[in-house]
Amino acid sequence: MLQTANTIHRKRLSVQGLSHSYGGQNAVTDVAFDIEAGEIVALLGPSGCGKSTVLRAVAGLIQPKSGTIVLGSENLAHVSARSRGIGMVFQNYALFPHLTVAENIAYPLACQKMPRAERKARVEEMLALVRLDGYANRLPRELSGGQQQRVAVARAIAGRPSLLLLDEPFGALDRALRFDLQVELLHLQRTLGITTLIVTHDQEEAQSLASRLVLMNKGHVEQIDTPMAVYDQPKTLFVNTFMGQANRIDGTVVETDGESTLIGLAGETSLRLPHRLNFMAGSKVAITFRPEEVRLSAQPSPGALPARVTVSVPLGPSLVHDLVLDDGTGLRASETRGPGTFIPEPGTRVFAEIDAARCHAFPADA
Ligand SMILES: Nc1ncnc2c1ncn2[C@@H]1O[C@H](COP(=O)(O)OP(=O)(O)O)[C@@H](O)[C@H]1O
Ligand SMILES: [Mg+2]
């Protein structure tokens, strides 16, 4: 294993101003991000936002309309896909069905004209790395989905690429298996120190694998940050609502001074946020907060919003309440459940206290 780690050339990937369109329709606009040598970064966003297009451009499978892609010190503009030194894994395994596991892994090595004995040793090393020793002579159809995907990973890294690209690699697998493979991939990536870009629409997958996330929406990048920063300090309403759950109430800025901002809400209620916001009085804003930042009480209190319980559902360690405010806005609250936690009946009158310090405010038209 160490031997492999030493022979991988860690390279930094830099993507700048990447744009692409299909038949005149913009798919990706001015995408820019870097991956440090040895880092694992996730491109995350809803289906259709342009993730695979970015990946294909990096791989050299499409020629982008504009932008530069630099791997290490090499500009890839005129480097063919097969000369880029990139390993790829796709969602649908894409193993050769008539070749054995060993032959599948050896295939790119044979293309590189690696001598037979060295190839054999490399295949064995790869099989051990993905914990499939003993499976060398099986055909893909004799393997489970998870095993097939491990072969696909082994094949992608067998040629010691300096960049590994994965496009929704575990999308076809069930949840528990996906988690096992994510843990394995992370271990492998750390062992090899290979610069890695993974595309996924699954925020949990992105958070558990990547040191930084590139959040995409409608063809552009919304935010690049660590998983925690993206969750805790979202730069846009889209990021806030895409990562985890967020409640939204719309309001109007009444006044803002050096220390706090008063937001007027429907039904003569209001919320004072203990931070200064860059909004003028009269601006329409969307106030967001996580379900865990709402506390319910049976008694009114200053600043608490009157609501009714629609339904309360125990979810593992939590109790999740769906509520409606008097103006019809839906809210979700969640609390940690204990043995004596009271479960209110639907229709119960409650008062929702929102942790104003944890609220975010965005322009309402976003
Ligand atoms: N080969 C193609 N021809 C035409 N349109 C495409 C093609 N591939 C992708 N698109 C369009 O480009 C946009 C981005 O697609 P894609 O990069 O596959 O997104 P993602 O991987 O995030 O789901 C989508 O609107 C999609 O329909
Ligand atoms: Mg895709």
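In each ligand, atom 1 is the first atom listed, and ligand 1 is the first ligand listed. Values below: every heavy atom of this structure, side chains too, minus hydrogens, waters and symmetry copies. Small disclaimer: the values here were computed from a predicted structure and weren't measured.
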Q: Measure from the Mg ion (ligand 2) to each N, O or S atom of Ser52 and report whether any distance is below 2.8 Å.
A: yes
Q. For ligand 1, what are the residues with a heavy-atom contact below 4.0 Å?
A. Tyr22, Ala27, Pro46, Ser47, Gly48, Cys49, Gly50, Lys51, Ser52, Thr53, Arg56
Q: Specify the closest pair of heavy atoms between Leu132 and Gln147, including all atoms of both residues, with the distance to one decimal.
A: CD1-O, 3.7 Å
Q) Taking all atoms of both residues into account, what is the closest heavy-atom pair of Thr195 and Gly38, and its distance? A) OG1-N, 2.9 Å
Q: Report yes or no: is the cationic atom of Arg290 (NZ for Lys, CZ for Arg) closer than 6.0 Å to the six-membered ring centre of Tyr231, at no more than 45° off its axis?
A: yes
Q) Taking all atoms of both residues into account, what is the closest heavy-atom pair of Ala364 and Asp250, and its distance? A) CB-OD1, 4.4 Å
Q) Under 6.0 Å from the six-membered ring centre of Phe33 and within 45° of its axis: does the NZ or CZ of Arg212 meet both? A) no
Q: To the nearest 0.5 Å, tell me how far Cys49 SG sits from Met216 CE.
A: 5.0 Å
